Amino acid sequence: MDRRMLRRTTAALGIAAGALLLLAACNPGTSPVEDYAGVPEEYDRASEDPESTGMQVFWLEEGGQLAVTIWGSSGCPWVGTDISVTAEAGEGNAVEITVPELPADTACTADYAPHTTVFWTPTYVTTTEPLEVTALEQTVTLPVK
C-alpha cells in the first residue's frame, strides 16, 4: 500500500469513527437523569389528577425530558430505574417506566407524597403526539407538547 492510499484509508476510518461517536451521543440513555422528592417546580402541564391515578407525567426541557411523579410513601418512594419505548411515534407513541417493587419486609411511612424520576425523552417517541406512559400497571396519557 502506498502512502497516499494509507492516508486516505486512515482519514476514512477517522471520519467513520467520528460519525459513530456522534450517533451514539444523540441517542439518550434509558437510566434516570435524576430523582427527587416532590413534583417538578417547572413543568408545562400535568397529565392527570394524582388522586385518580397516583401518577403524574410532565414534559421538561421543551420536551427533551420526561418527569414521572408517583405518589406514595415518602419513606419508601417509588423510583423509576429505566425507560423503554413500547410503541414508536406514529405507531402508538408509548413508553414504559420500570419501577422495582418494594421489598415485602420494608417499613414505610403512612403518608401520601410525590417522588419524581426524570428521564431523557427517548429518540423514537415524539412530543407532537399524545404520549402514553406506563409505570406500576398505571397508564397516563401526556398531551401533545
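For this chain, numbers begin at 1 and follow the sequence in order. Source: prediction; values computed, not measured.
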Do Asn93 and Glu88 touch side chain to side chain, with heavy atoms closer than 4.5 Å? no
Closest heavy-atom contact between Ala135 and Ile70? CB-CD1, 4.3 Å
Quick one, Val118 and Pro32 - any side-chain contact, counting heavy atoms below 4.5 Å? no
For the CD atom of Glu129 and the CG atom of Leu142, what is their distance to the nearest 0.5 Å? 12.5 Å
OG of Ser73 to CH2 of Trp78: how many Å apart, nearest 0.5 Å? 9.5 Å
Classify the side-chain pair Trp71/Gln56 by whether it contains a donor and acceptor separated by less than 3.5 Å. yes
Hydrophobic clustering (ILVMFWY, side-chain heavy atoms < 4.5 Å, transitive) - are Leu102 and Val79 grouped together? no
Does a side-chain heavy-atom distance below 4.5 Å link Leu60 with Leu66? no
Would you say the side-chain atoms of Thr98 and Thr81 include a donor-acceptor pair closer than 3.5 Å? no
4.5 Å side-chain heavy-atom contact, Val95 and Thr134: no
Quick check for you: to the nearest 0.5 Å, what is the distance between Asp35 atom CG and Phe119 atom CZ? 8.5 Å
Is any side-chain heavy atom of Gln65 closer than 4.5 Å to a side-chain heavy atom of Val33? yes
Please round to the nearest 0.5 Å and tell me the distance separating atom CD of Glu137 and atom CD of Glu96. 9.5 Å
Considering non-hydrogen atoms only, spot the tightest contact between Gly80 and Val99 and give its length. CA-CG2, 3.9 Å
Say you draw a straight line from OG1 of Thr121 to CD of Glu62; how long is it, rounded to the nearest 0.5 Å? 11.0 Å
In terms of hydrophobic clustering (I, L, V, M, F, W, Y; side-chain heavy atoms under 4.5 Å; direct or indirect links), are Leu136 and Ile83 co-clustered? yes
Any idea which heavy atoms bring Thr109 and Gly75 closest together, and the distance? OG1-N, 3.1 Å
Please find the pair of heavy atoms, one from Cys76 and one from Thr106, that lie closest to each other, and give the distance. SG-CG2, 3.4 Å
Identify the two heavy atoms, one from Pro40 and one from Thr116, that lie closest to each other, and give their separation to 0.1 Å. CD-OG1, 3.6 Å
Is there a side-chain contact between Thr141 and Leu131, using heavy atoms and a 4.5 Å cut-off? no
If you measure from CD1 on Ile97 to OG1 on Thr86, what distance do you get to the nearest 0.5 Å? 9.5 Å
